[in-house]
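Structure first, then comments.
Counting convention: from 1, in listed order, for ligands and their atoms alike.
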Amino acid sequence: MPNETHARNLSLDTSRCLSTAVHEHGLDPDLLAPNGPAAKAAAALTERLESTRGTGWERWRLLAEGPMREDHVKGVKAIAEKYAGMLDNVVVLGIGGSALGNIALQSALNPLTHNLKGDRTNPRLFVLDNADPVPFHETMSLITSEDPKFDRTLFVVISKSGETAETAAQFLIVRDILQKARGDGHADRLIAVTDPEKGTMRRLCDAAGYATLPVPEGVGGRFSALSPVGLISGALCGIDIDELLDGAAAMEQACRSGDLHGNPAALLATVLVELGQRQGKTVHVMMPYANQLYLMADWWRQLWAESLGKIVRGVQGVTYAGFTPVKALGATDQHSQVQLYREGPNDKAIIFLEVEKFSSDVTIPAGLGEDALAYLEGSSLAKLLSAEKKATEFALTESRRPNLTIRFPEVTPHTVGQFMMLWQVATAYAGLMLGVDAYDQPAVELGKKATFALMGKPGFEELAARLKM
Ligand code: PA5
């Protein structure tokens, strides 16, 4: 993977997706050989992606470098510095691509106990990404009980359009609460990440004087985690966004290579798409052996599902592209899902996420004197977890279940930036391989419109009548 200090980089092992490992359920190694058909196809796609890189809906490829990065980091840091030491709580209001990156970054890069710590060097982060009244009410009750005037709380509303019903509803409620608590001076407790020029949220922010950061043009929700959409909560809560973007930039460069085996995104997309199309492995299970990467799998699920799950209308008629992304946690789900993965339908590719060095480890004490447990004594939890990953990989391979591993030397902002960029570029490749537009989501619209109709939004009366039939 990216060619700098090896120890800092992710690595990708796809050898257990080949027929040499999983027999008739794997890919022919000749397909992936340096001059083989997949390598040639990937080289052609690399050329195509080079010609569109940084344009149209592929502007996200420039998020980690050059003027766009400089602009974003400057704006984000100015806000983080303004509020430094002043906050106990950051509350993000957003949904889908406007929330999942925040959640993934926080859970990967801040401790599990971040929100529980008494010391508030870095504020707690709450991401309210649903219209569910219970978490909303509970979070607001907790905050108001501790900070009734919101002196130490900042709300960050993230919505490119400003018209997403769930976020808009939460925004209206929070704005009202803030106004009642702080009067006209409430504007400094709410910032927005939204379209820099147009849209409902932009208009509201301009009118109310809320500070804003941009969701840049050409960067769709699920490709926006490395823009101010994901950076602002990270920077406010103590994540090193420079390292995150450095990692992303290094990966992005590596993913421009025309050599299939030197381009991790091309290789990842090729293996998964070929396994899907040739071997019917259309369920993709991401299984981190690290709790801190578990919610990263939620971010990935949206990227992979919403980008690739599309109708393809070709000369042969209609086909349905896409893969079903599933998340599982190692070793926990060995005791829940692995029975299915080994003996159920052989329709899955398992994507292990492995960590070589954890930020902490715990030694298992010796001295109990119980023979049955002696093998654990003097070992450590990290060693056990690592053995469990290798054991599951072995067991799946024995059952001819293709699996691959993305290995983190450590979970750091650098490797997490690499990981996010890797999947974003892999998604761009996979979209081209499947013949779909990876950047639209037409099938989401009908449900949104039906919600508008059911909620009485003007202009949706006809649909409301149909819904009532
Ligand atoms: O990936 C996407 O485009 C979606 O998940 C959007 O991010 C989500 O619908 C929220 O949209 P908005 O940011 O306009 O509120």
Are any protein N/O atoms closer than 3.5 Å to the N/O atoms of ligand 1? If there are, list each pair with names and the distance to one decimal place.
unit_1	atom_1	unit_2	atom_2	d
ligand 1	1 (O)	Arg222	N	3.1
ligand 1	1 (O)	Gln302	NE2	3.0
ligand 1	1 (O)	Glu306	OE1	3.2
ligand 1	5 (O)	Gly97	N	3.0
ligand 1	5 (O)	Gln302	NE2	2.7
ligand 1	7 (O)	Gly97	N	3.1
ligand 1	11 (O)	Thr164	OG1	3.3
ligand 1	13 (O)	Ser98	OG	2.8
ligand 1	13 (O)	Lys160	N	2.8
ligand 1	14 (O)	Lys160	N	3.4
ligand 1	14 (O)	Ser161	N	2.9
ligand 1	14 (O)	Ser161	OG	2.7
ligand 1	14 (O)	Thr164	OG1	3.4
ligand 1	15 (O)	Ser159	OG	2.6
ligand 1	15 (O)	Thr164	OG1	2.5

* To do: To the nearest 0.5 angstrom, please state how far the CG atom of Leu45 sits from the OH atom of Tyr429.
  => 7.0 Å
* Polar side chain donor-acceptor pair, Arg222 to Gln441, under 3.5 angstrom -> yes
* Asked: Can you tell me how far the NE2 atom of His414 sits from the CZ atom of Phe408, to the nearest 0.5 Å?
  -> 11.5 Å
* **Heavy-atom neighbours of Asp184 CG exceed 12 at 6.0 Å** => no
* Cut-off 3.5 Å, side chains only: do Asn403 and Arg16 have a donor facing an acceptor? -> no
* **Electrostatic pair Asp147-Arg189, nearest N-O below 4.0 angstrom** => no
